Every structure is written in C-alpha cells, then in structure tokens.
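Please read the structure below before turning to the comments.
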Amino acid sequence: MSGLQLPLHDPEFYRGDPFPAFRRLREQSPVHWHAEGGWWAISRWDDVREVSSRPDLFSSASGVMIPDPAEIGPGDIDLMLFTDPPRHRALRQLIRDVFAPRRIRALEPRIRELARGVVERIPAGAALDFAEEVAAPLPTIVIAELLGIDPADWERFRSWSDAIIGELDPQVPGRRAEAQEALHRYFLEVIEDRRRRPRADDFVSGLLAARERGAPIDENDVYCFCWLLLTAGNETTRNLIAQGTHALLSHPEQLAQLSREPGRMHRAVEEMLRWCVPSQYMARTAACDLELRGQKIRAGQKLVMLYGAANRDPEVFGPDAEAFRIDRDPNPHLSFGYGEHVCMGAGLARLEARLMFEELLPLLRRAALDGPVTRMRATMTPGILHMPVTFA
Ligand code: HEM
C-alpha cells in the first residue's frame, strides 16, 4: 500500500484541481486501493485501456459510478451502460445506425445553423453566463431532434437532465426523483404516440419496429435508450463547450494560435477533450480474482478508471502532458472511454464542439472571463454551472 490519502470519493475533489493528486497516483500507486471508498483507483493510460478492453474480467453490470447511494445504478434504471456482452452487443447493435458516421455528417448543416443562432444572440459589450446561455442550448436541442422530440421542449429536457446528474449539488434546481418521474411520463407518451403513428426516420419508431421484428427489447428498454442518450449526451457536451472555452480564455497564446490557424480546430477539440475531461471516470467490477500491475484484485471489487489521470500520463503524452496545447498530435486521450462501451456519441459531440467553436472563434478573441466560475458538485461530471464572460 502506498500510504497516499486522497479524497477520491468526494465531489469537492473533482470540482477543484485533482491533477496534482492524479500525478501522485500515477507515480506512486497506479493501481491504488482507496480504503475510504472501498475501491481501486486506476490512473495510468495502459491500465485504463486494459480494464476497458476486457468486459469478461471487468464487468459493467453492477454499475459504472463510484459506489454511493446517491449515484445512479442498475437498481434505478436498465441502461445498456450497465450490461456486458452478449446482451450489451445486441443492444448496441440496435442503435448503431443512429451514430453511423454518414448520419452524423449529414447533421452538419443543421448543427451549424443552431450553433450560429446561439452565437448570434450573444450581446456585444455585456457580461453573460456563458454556461447557461451559450454552452447549454445546443447539445440539448440536438439530442431532442435526434430523439424525434419537439425541440421546443428542450428547456424541460435540460432541467430534468440537470436534476438527474446534479443530485449531489443543492445549487442545481429540482430533485432527481421528480425529474425521473417527469421524464418517464414524457417518454411513455412519446412511445405510445409512435406506436399508434410510426414516423419515418424516427428513433423511437425505429426501436419499436425492431422490437416487432423480434429484437430482444421491451418498451421499457425503448424508454431506457431515450434516457441514456439524453443524459449521456447533454451535460458532457455542454461541459466540453464551457470547459473548452475556459481553457482557451485562460491560455491566450493558444487562443491566438487557433485564431491564426483555424484549420487546427479538429486538433483543438481533441485537446479540450483530453485536458478538460468532461466525464471524469467510469467504473467496473472484477468478475473474478485477478492481478493488475502486481496488485491482487478480488472478485466483486470495484475499479474506478480516472480518465483525467490517464489523459496526462507522460508515458503516452510526453513531458508536456500537463500543458494545454491545441496542436497536440497524436492525442490518444481516453475521454470517450475505450473498447466495448466506447462512447457512441463521440462523433456527434466532436461535430457539435467543432461547429460551435468555429462560430465562436471570431468573438473569443475579444472575450474575457468576468468573475468566478461555479462548478457542479459531482464526481462524474463536475461541469461548469456558471461562467460570466464579457464579449467586447
Ligand atoms: C463530450 C461529450 C461526451 C463525453 C466526454 C462522453 C463520454 C463517454 C464515456 C467515457 C463513455 C464510456 C462508458 C463506459 O466505458 O462505461 C460513454 C458512453 C456512451 N456515450 Fe458518451 N460522451 C459524450 C457525448 C455523448 C453524446 C453526445 C451521446 C449521444 C447523444 C453519447 C452517448 C453515449 C452512449 C449511448 C454511451 C454508452 C455506450 C455503451 O454502453 O456501449 N455520449 N460516453
């Protein structure tokens, strides 16, 4: 044992600056028994890849959150996220087409139009809450459209998703139980409507038709897919836009370089993903007794993969791994996970972020942070709740 005492189960740790602690973990105790939480913390890039690649040894079926009664787990909802092969592959196959690269590419003109609309509403010369007014609308509207839901409902969607993800933070309005119930009622009505009047090219109608053809799902699974996409794609992408903007504004030389070379936007978005870590970790449970980097892991013990630590592993990212560099190449960050459960929405999130930053870039050169940033009290997605920014 290393003797390292770190509050790895505490939301305050993640919304502060966890990176010095991550460095100590990587160096002194890469497979670290976190006694207070009763789980293993995995901090090196190689090990995070290894754990993500072996669902036979490291299972998702007992949940992927840090063990805490306040966190969502398999007892609350039946998500594909909480399944292992072969069921996981069958479920993933059912929605694979929605995220096929050609389908995502086809969304570009519409997402560009939405991003431009958000940017055009930015008032000149006045401070605004960037997180609320600029980063929040696009991801929720895009998911609403993807799910075939009336985009006019996006604010309700957003408040439900916030209440579900922000349960640990009293600043976030609404409580999870009520939000879950409201969301459930909402989607049951949508499912009922699509059962009576199927629509062409519609997410829910497609799943119901697959079920008719014998796919191994019931109506509750259809609801769970909607729930998963809403919560998986909303906060994370919003965090990427808000945290990425914060990174650019606090690294003026990087912003200046990007302004001179806007063709580097793809790389810049990858670096925002690596450096900002919109989703901090995912967990697994050991399926049997095994050994990882010399540590004996017992069947049933949880392992938490700290993506922020892996993303700054100098063995992979070199001696400047801690630096934010918009031209970093290669950049094999693990912010979307890896292997069996690798993020299905990665292409969509990358597209949304790129288009948003392309629209924002001319304004960012004349923008400045205008007060303290408030982060959400959460372990997995301690994103930015409020960020005052002035655009000159
Ligand atoms: C910056 C934005 C995003 C980040 C950082 C992110 C991160 C992640 C991570 C780390 C996983 C891996 C879970 C695991 O290994 O257990 C994941 C899975 C997933 N993500 Fe994302 N995500 C983002 C955006 C999105 C979007 C926009 C969508 C869809 C609308 C989405 C849908 C999903 C789904 C469906 C899964 C589950 C995959 C599975 O269980 O096989 N994500 N995401």
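Treat the numbers as computed from the prediction; the structure is a model and nothing was measured. Order of listing sets the numbers, starting from 1, for every ligand and every atom in it.
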Practice prompt. Going by heavy-atom distance to atom 29 (C) of ligand 1, choose the closest among F82, F58, F99.
Written response: F99
Practice prompt. Going by heavy-atom distance to atom 28 (C) of ligand 1, choose the closest among G244, G347, G345, G63.
Written response: G345
Worksheet item: Under the 3.5 angstrom rule, does the side chain of Q301 hit a backbone N or O of R298 as a donor-acceptor pair?
Response: yes
How far is [atom] from its nearest protein heavy atom, and which residue and atom name does that atom have?
{"atom": "atom 42 (N) of ligand 1", "value": "C343 SG, 3.0 Å"}
{"atom": "atom 12 (C) of ligand 1", "value": "H341 O, 3.4 Å"}
{"atom": "atom 15 (O) of ligand 1", "value": "R284 NH2, 2.7 Å"}
{"atom": "atom 36 (C) of ligand 1", "value": "M344 N, 4.1 Å"}
{"atom": "atom 1 (C) of ligand 1", "value": "T236 O, 3.6 Å"}
{"atom": "atom 37 (C) of ligand 1", "value": "L81 CD1, 3.7 Å"}
{"atom": "atom 26 (C) of ligand 1", "value": "G233 CA, 3.3 Å"}
{"atom": "atom 7 (C) of ligand 1", "value": "S335 O, 3.6 Å"}

Worksheet item: Got F82 and S60 here, is their nearest side-chain heavy-atom distance under 4.5 Å?
Response: no
Quick one: do [X] and [Y] make a salt bridge, cutoff under 4.0 Å?
{"X": "R156", "Y": "D150", "result": "no"}
{"X": "E155", "Y": "R158", "result": "no"}
{"X": "R105", "Y": "E108", "result": "no"}

Discussion item. Taking the ring of F157 and the ring of Y186, is the distance between their centroids below 6.0 Å?
Written reply: yes
Worksheet item: Is Y307 in contact with ligand 1, taking contact as a heavy-atom separation below 4.0 Å?
Response: yes
Fill in: Part of L228 within contact of ligand 1 (heavy atoms, under 4.0 Å)
side chain
Discussion item. Within the 3.5 Å criterion, strictly below it, is a donor on H386 or E132 matched to an acceptor on the partner's side chain?
Written reply: no
Discussion item. Evaluate T237 for polar contact with ligand 1, using N/O atom pairs at a separation under 3.5 Å.
Written reply: no
Item to complete: Please determine if E352 has a nitrogen or oxygen closer than 3.5 Å to a nitrogen or oxygen of ligand 1.
Response: no
Fill in: Per-atom contacts, ligand 1 versus R92 - under 4.0 Å to a heavy atom
38 (C), 39 (C), 41 (O)
Discussion item. Once you measure the plane-to-plane angle for H251 and W275, does it fall in the parallel (<30°), tilted (30-60°) or perpendicular (>60°) bin?
Written reply: perpendicular
Discussion item. Determine whether I72 and R176 satisfy the following criterion, side chain to side chain contact (heavy atoms under 4.5 Å, CB included), listing intermediate values before the conclusion.
Written reply: CA-CA 10 Å; I72 295 227; R176 180 185 288 160; 3.5 Å; yes
Practice prompt. Please say which of R328, R350, R325 ends up in a salt bridge (charged side-chain N to carboxylate O under 4.0 Å, His left out) with E270.
Written response: R350
